[in-house]
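These figures come from a predicted structure and were not determined experimentally.
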Amino acid sequence: MKHFVILVIIFAIVTLMAQQAPVNSPALDHLAGNWLLQGTVGKQPVTHDFDAEWVLQHHYLRFREVSREKNDKGEPQYEATVFIGWNEKTKQYACVWMDVYGGATSESIGLATPKENVLAFVFTDEHGETSFTNTFIYDPKTNTWENRLDNVVKGDAKPFARFKLTKQ
């Protein structure tokens, strides 16, 4: 059932973006490549490998994030695959976030209004209220990204994770 829900979500996004020109996004172009992601989740230090590439005829930037930390089975503690695309009709980026926690829902889809060097994805709950934000901030001087993730409860943002991405 979980796989079916993920396929429906992906199909819905693909349908919304069907027949659009390939994405032309300097911000996403800067995110493409191989990165070392380091920072904290809560107060716990983490290191992840982060690899991003254009796929499906340059319509989506797909990234894969894999922690170097392992669980008790020797598997990565965290792993995610994310697709980011452009919706010409709404003039927004959309991302579908799939990770080891599963449970694809409407909260697995984030939207970001374009801003120079910033991708600020907002994820909403079933009531349309913001529940989570994931903000990527590009620094062209250092060719690095900052990534801020926040849980949002009743409009109040609480830091969840803070990362820096360094090009490899």
Residues that Phe136 engages under ring-ring contact (aromatic ring centres under 6.0 Å, His included), provided they are two or more places apart: none
Would Phe163 and Val41 satisfy side chain to side chain contact (heavy atoms under 4.5 Å, CB included), going step by step from the backbone distance to the final call? CA-CA 8 Å; Phe163 302 121; Val41 175; 3.7 Å; yes
Given the rule that I, L, V, M, F, W and Y join up when any side-chain heavy atoms are under 4.5 Å apart, are Ile109 and Tyr60 in one cluster? yes
Indicate if Phe160 and Val100 have the same hydrophobic cluster label, given that clusters are the connected sets of ILVMFWY residues with side-chain heavy-atom separations under 4.5 angstrom. yes
All heavy atoms of Phe123 vs all of Cys95, minimum pair found to be CZ-SG, 3.6 Å
Show your working on side chain to side chain contact (heavy atoms under 4.5 Å, CB included) between Leu111 and Asn87 and close with a plain yes or no. CA-CA 10 Å; Leu111 300 174; Asn87 185 319; over 6 Å; no
Please walk me through it: do Tyr138 and Leu31 pass side chain to side chain contact (heavy atoms under 4.5 Å, CB included)? CA-CA 8 Å; Tyr138 179 65; Leu31 190 56; over 6 Å; no
From Asp125 atom CG to Thr130 atom OG1, the distance as rounded to the nearest 0.5 Å: 8.0 Å
Looking at every heavy atom in both Val46 and Glu69, which two are closest together, and how far apart are they? CA-OE2, 3.3 Å
Identify the heavy atoms of His48 and Tyr78 that sit nearest to each other, and give their distance. CE1-CD2, 3.9 Å
Where do Thr40 and Pro45 come nearest, in terms of heavy atoms and distance? CG2-CA, 4.2 Å
Any side-chain heavy-atom pair from Arg148 and Ile137 closer than 4.5 angstrom? yes
Quick one: pull up NE2 in His30 and CG in Asp139 and give me the separation to the nearest 0.5 Å. 11.0 Å
Quick one: which of Asn143, Leu36, Asn147 gives a side-chain contact (heavy atoms from CB on, under 4.5 Å) with Leu165? Asn147
Keeping Gln57 on the side-chain end and Val55 on the backbone end, is there a donor-acceptor pair under 3.5 Å? no
Nearest atoms (heavy-atom pairs only) where Glu107 meets Thr124: CG-O, 2.9 Å
Non-hydrogen side-chain atoms of Phe121 and Ile84 separated by less than 4.5 Å: yes
I need the full list of salt bridge (Lys or Arg N to Asp or Glu O under 4.0 Å) pairs touching residues 73-84, with sequence neighbours left out, sorted by first then second residue. Arg64-Glu79
Any salt bridge (Lys or Arg N to Asp or Glu O under 4.0 Å) involving residues 36-58? Give me the pairs, sequence neighbours left out, ordered by first then second residue. Asp49-Arg68, Glu53-Arg62
For Glu129, what residues pass the salt bridge (charged side-chain N to carboxylate O under 4.0 Å, His left out) criterion, not counting sequence neighbours? none
Checking His59 against Trp54 for the side chain to side chain contact (heavy atoms under 4.5 Å, CB included) test, could you report, in this order, the C-alpha distance in whole Å, the side-chain angles of both residues, the deciding distance, and whether it holds? CA-CA 7 Å; His59 286 278; Trp54 286 104; over 6 Å; no
Listed once per pair and sorted, the salt bridge (Lys or Arg N to Asp or Glu O under 4.0 Å) pairs that draw on residues 156-168, sequence neighbours left out: Asp150-Arg162, Asp156-Lys158
Do you know the tightest heavy-atom contact between Asn71 and Pro76? ND2-O, 4.1 Å
Using the ring pair (Phe, Tyr, Trp, His ring centres under 6.0 Å) definition, which of the options Trp97, Trp35, Phe83 pairs with Phe63? Trp97
Taking a hydrophobic cluster as the set of Ile, Leu, Val, Met, Phe, Trp and Tyr residues connected by side-chain heavy atoms closer than 4.5 Å, whether directly or through intermediates, do Phe132 and Leu37 fall within one such cluster? yes
Given the rule that I, L, V, M, F, W and Y join up when any side-chain heavy atoms are under 4.5 Å apart, are Val66 and Val82 in one cluster? no
For Trp145, the side-chain hydrogen bond (donor to acceptor under 3.5 Å, both in side chains) test, sequence neighbours excluded, returns none
